[in-house]
Amino acid sequence: MNKLQFYSNDVCPFAYRVRLTLAEKAIAHESHTIDLLNIPDWYYKISPTGNVPLIKNDDDIVWESTIINEYLEDAYPTVPLLPESPVERAHARIWIDYCNTTFQPNYCGLVFELDESKHEDIRTILHDSLKYIDEGLAKTAPGPYWLGEQLSLVDLTYYPFFEHAPVLSHYRQFDIPAEHKHIHRWLAAMRERPSVKANQCDDEFYIEAYKPFVEGDVEHA
Ligand SMILES: N[C@@H](CCC(=O)N[C@@H](CS)C(=O)NCC(=O)O)C(=O)O
């Protein structure tokens with residue numbers, strides 16, 4: 001069996017979800033960086049969308065970060081990242097769905113929306129979303145993780161966006177309110193994970209990487 005091939009880019013929060021899952025499950029792999037401002041032709045031959053992340057495991061090709069993480073959970077169950085009971089697994093997936101359908105589109109929307117007149121509305125939605133998340137985390141307090149004592153795919157789904165928070169602060173004057181103490185204590189626990197420590201990027205890296213998008217030099221897909 002060949003080593004799993006992982007196609008990603010350090011600035012992509014979706015790819016970071018998968019990078020963290022690979023690290024937490026200690027899955028041997030080879031990593032390839034795809035230049036997102038100049039996606040090579042050969043990548044379109046293996047990727048149906050041209051997006052990162054994507055993994056190739058022998059002849060199996062899987063894309064979409066949430067689906068890749070589920071695939072890795074199925075294919076490499078030794079370190080489980082979903083709870084055992086069906087209802088808890090369902091609730092984990094509901095949180096992941098909330099990230100993909102509500103939290104992340106508004107979080108990234110605030111960065112990529114160039115029409116300033118729309119920012120205030122997005123800020124309001126984002127504040128509601130953060131309040132909802134903080135209330136959710138209060139139910140599993142003291143955590144330390146999203147679902148309680150065990151790290152799960154829910155943590156790895158959300159964390160990358162929170163590591164990008166300096167971008168919102170720098171370009172959009174949006175900070176995660178200090179009053180959301182459950183979010184902040186969850187973030188502190190995540191920053192202690194060896195998987196995060198080994199893969200995290202610093203604030204300046206993200207701020208610089210987002211610059212062409214925020215300044216409208218490059219259109220976001
Ligand atoms: N829903 C996808 C989103 C992936 C995505 O948007 N990736 C971006 C980078 S963060 C990308 O590859 N963009 C390529 C392009 O814009 O051409 C997932 O969860 O994997």
Side-chain angles (χ1 to χ4, degrees), residues 4-25 27 29 31-57 60-75 81-82 92-114 122 126 129 146 152-168 170-172 195-196 199-203 205-221:
L4 182 146
Q5 306 293 308
F6 172 47
Y7 299 86
S8 74
N9 185 291
D10 281 353
V11 79
C12 176
F14 304 98
Y16 196 7
R17 290 169 161 180
V18 175
R19 192 172 303 113
L20 291 174
T21 302
L22 290 168
E24 289 291 344
K25 286 180 175 286
I27 299 170
H29 63 279
S31 196
H32 308 270
T33 298
I34 301 298
D35 180 352
L36 296 176
L37 299 179
N38 189 13
I39 297 172
D41 288 344
W42 62 260
Y43 187 59
Y44 285 106
K45 294 199 174 104
I46 54 171
S47 166
T49 61
N51 283 349
V52 294
L54 176 142
I55 58 161
K56 189 170 179 302
N57 207 6
D60 297 343
I61 290 184
V62 185
W63 61 100
E64 281 294 326
S65 57
T66 299
I67 311 296
I68 298 173
N69 276 356
E70 290 261 357
Y71 166 85
L72 295 175
E73 180 67 3
D74 291 340
L81 289 172
L82 281 175
R93 291 183 172 116
I94 288 168
W95 271 121
I96 291 169
D97 183 66
Y98 180 77
C99 186
N100 290 341
T101 58
T102 305
F103 175 67
Q104 175 271 317
N106 287 299
Y107 201 80
C108 296
L110 185 56
V111 180
F112 292 120
E113 179 56 68
L114 300 182
I122 305 176
L126 210 41
S129 192
W146 206 283
S152 74
L153 291 182
V154 182
D155 299 288
L156 309 186
T157 295
Y158 280 86
Y159 175 74
F161 298 99
F162 284 90
E163 192 173 294
H164 286 222
V167 173
L168 267 74
H170 183 83
Y171 291 112
R172 300 289 184 245
S195 63
V196 169
N199 289 291
Q200 67 194 345
C201 294
D202 59 28
D203 299 1
F205 168 77
Y206 289 120
I207 289 167
E208 200 51 38
Y210 274 83
K211 203 172 183 181
F213 298 98
V214 175
E215 293 184 349
D217 295 339
V218 176
E219 204 178 319
H220 181 249

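Just so you know, ligand 1 is whichever comes first in the structure, and atom 1 is the first atom listed for that ligand.
By the 3.5 Å distance cut-off applied to N or O atoms, V52 is counted among the residues near ligand 1. On a distance-only criterion, S65 and ligand 1 share at least one N/O pair closer than 3.5 Å.
Aromatic ring centroids of Y107 and F112 lie 6.0 Å or more apart.
The proximity of I68 to ligand 1, defined as any non-hydrogen pair under 4.0 Å, does not occur for either the backbone or the side chain. If you look at L36 next to ligand 1, the close heavy atoms, those under 4.0 Å, all belong to the side chain.
For ligand 1, the atoms closer than 4.0 angstrom to any heavy atom of I39 are 14 (C), 15 (C), 17 (O).
Residues that satisfy the ring-ring contact (aromatic ring centres under 6.0 Å, His included) test with Y98, not counting sequence neighbours, are Y132. In this structure H164 satisfies the ring-ring contact (aromatic ring centres under 6.0 Å, His included) test together with Y206, Y210, sequence neighbours excluded.
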Between E113 and R172, is a salt bridge (charged side-chain N to carboxylate O under 4.0 Å, His left out) present by the stated rule, with each step listed? CA-CA 10 Å; E113 179 56 68; R172 300 289 184 245; over 6 Å; no
Run N106 and S129 through side-chain hydrogen bond (donor to acceptor under 3.5 Å, both in side chains) and show every step you take. CA-CA 9 Å; N106 287 299; S129 192; over 6 Å; no
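Across P53, C12, S8, heavy-atom proximity to atom 9 (C) of ligand 1 is greatest for C12.
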